[in-house]
4 protein chains.
Amino acid sequence: MAYEKLKKDYFIAVIGGSSISDSLYNIAYKVGWWIAKRKCILINGGCSGVMEASSKGAKDAGGLTVGILPGKEKDEANDFVDIPVPTGISEARNAIIVNMADGLIAVDGEYGTLSEIAFALKKKKPIVGIKTFDFKEIHKVDSPKEAVKKIIELINKRK
Amino acid sequence: MAYEKLKKDYFIAVIGGSSISDSLYNIAYKVGWWIAKRKCILINGGCSGVMEASSKGAKDAGGLTVGILPGKEKDEANDFVDIPVPTGISEARNAIIVNMADGLIAVDGEYGTLSEIAFALKKKKPIVGIKTFDFKEIHKVDSPKEAVKKIIELINKRK
Amino acid sequence: MAYEKLKKDYFIAVIGGSSISDSLYNIAYKVGWWIAKRKCILINGGCSGVMEASSKGAKDAGGLTVGILPGKEKDEANDFVDIPVPTGISEARNAIIVNMADGLIAVDGEYGTLSEIAFALKKKKPIVGIKTFDFKEIHKVDSPKEAVKKIIELINKRK
Amino acid sequence: MAYEKLKKDYFIAVIGGSSISDSLYNIAYKVGWWIAKRKCILINGGCSGVMEASSKGAKDAGGLTVGILPGKEKDEANDFVDIPVPTGISEARNAIIVNMADGLIAVDGEYGTLSEIAFALKKKKPIVGIKTFDFKEIHKVDSPKEAVKKIIELINKRK
């Protein structure tokens, strides 16, 4: 993927908790992996848990990762973030993640994730969910591969 | 209530939709009215609907109202906001409302309100709800008077 | 000053460094005092130095003070802030102070203050300065009383 | 430049006015071009003028560009932004540009640029300037090539 093509690609946010089980880490990793394989750019909050796992997956598949950080320093990002954006605006940065995403994939998640889902629902952005909050607008899927396929489908339909 | 006492008082946020029915307007109005009667300071998003109704109620009862606005101009505030705070940070201002609140009362509400509930749950701030989203941490009540009584009780317990 | 009159009053920001000499503290104190005496509402960053001094002055003169805080907790505010607004957006909160101000008085100041002056110049808001940065748009004055008189004059002219 | 190397590279912000002369456009273009040639990542505010020119230059040299936008929509970005970050926080996004930059190059500029210089001075980040505001901490240079050489030198010294 050459740089000059980047802006044609989709930005897909992966949202979810910062402290998760091994099995959820594995799921988030694979979601990141498939996002990169499908030539999309991964965005997330740049921290631990689902954010780290999905970034690692995307990097292992040769993708590009963006971390929208709560704090003011780039080194807050996990090791798999290419483009760390140190917003310094704390949880309010969740709104930026949603602004930037063409679509979102929620994996598990606690109340921070819920705030992102809420912003995404308000903006009518497509959301796919694996083991996450239950809203009728969230498309439930069972596997990482299916999640990425579904979100790209939903984004395509919206464009 | 003299100015020098203000900082001892509680800040209570009223959250809810910007476009509501007459009966919800009336409920939100009374919530604002009771907040002022109980010598608390009302905060909300400063716009229409639940925000306007609760501010109007608080002013009619002689209270003080703060509006945390999404835009950059003070005149975006409804007519019943004493202290308009034009954040210019759009929906991300919902995080500021929650930071500032000692407790929150949710009246009805759509996805913007849900983002505020999510931030409040994350920060473990007490929430009382009338006809709103259903989370086990939200204390459901039936009347505006009861809502204000309950939220003050919950804030007192927490201090 | 009854609450219902508040929204008719001017919001005047006092900006300046967080660590200052006794003589500057005294100047900032008097600026706050005169703002309250002239029935205006004081806003500032809510922290130490010029912010604390001006808030103390305003309170001693019976005024109302608003602190637009960088952090997420109200208790970050100095003891003389009536309405603490814990933005959680760090230095970016300087933009909110400028949005909210009808006019600004700069006392001394370092680079944080310079960012506020820059935002105010961009928005063409009136600025009065005592011992501060030198821009042709800043009206230099020698005393706190004169500073408040001048800023009210400039705001009146603009309305 | 492979993706996996990105996080080792420097992020260099180019700041300056959104409406500029042809000769300044040309200077900003070349600054962007040299940033990409030196394998650094360009960041700026994503809009017109110096921002567009430097992004175009960086793209023509095969580089990667990040635009930290004031608004909430990615399509606000100029055509040469690879990674548009729609902050939705208006001018306050200037603080994010500074947080993210390892060093800054100022080209001309009005008061928005001054706010970025102020934040950068506060954070003691290196700044190189071409035809811009005059502060003793800003290293003045005459050419785009020299500007990029100097800023990399200053960043290296700081690490």
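Keep in mind that the numbers below use all heavy atoms, side chains included, and drop hydrogens, waters and symmetry copies. Convention: sequence-line order gives letters A, B, ...; per-chain numbering from 1.
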Inset, instruction - Step through the shown structure and confirm whether more than 12 heavy atoms of other residues, nucleotides or ligands are within 6.0 Å of NZ on A/K123. - result: yes
Legend entry - Worked verdict on A/V85 versus D/T87 for side chain to side chain contact (heavy atoms under 4.5 Å, CB included): CA-CA 11 Å; A/V85 182; D/T87 66; over 6 Å; no
Inset, instruction - Kindly check if the number of other-residue, nucleotide or ligand heavy atoms within 6.0 Å of CD (A/E76) is above 12? - result: yes
Inset, instruction - Please say whether more than 12 non-hydrogen atoms of neighbouring residues, nucleotides or ligands are located less than 6.0 Å from CD in A/E146. - result: yes
Legend entry - Closest contact, heavy atoms only, A/F11 versus D/D82: CZ-O, 3.6 Å
Legend entry - Portion of D/K72 that has a non-hydrogen atom of chain A nearer than 4.5 angstrom: both
Inset, instruction - Can you check whether anything in residues 91-107 of chain A gets within less than 4.5 Å of chain D, heavy-atom wise, and list it by number? - result: A/I96, A/N99, A/M100, A/A101, A/D102
Inset, instruction - Verify the neighbour count for atom NZ of D/K74: are there more than 12 heavy atoms of other residues, nucleotides or ligands below 6.0 Å? - result: yes
Inset, instruction - Count the heavy atoms belonging to other residues, nucleotides or ligands that lie under 6.0 Å from NZ of A/K140, then report whether that count exceeds 12. - result: yes
Legend entry - D/K30 atom NZ, neighbour heavy-atom count above 12 within 6.0 Å: no
Inset, instruction - Sort D/V66 into side chain, backbone, both or neither according to what part of it lies under 4.5 angstrom from a heavy atom of chain A. - result: side chain
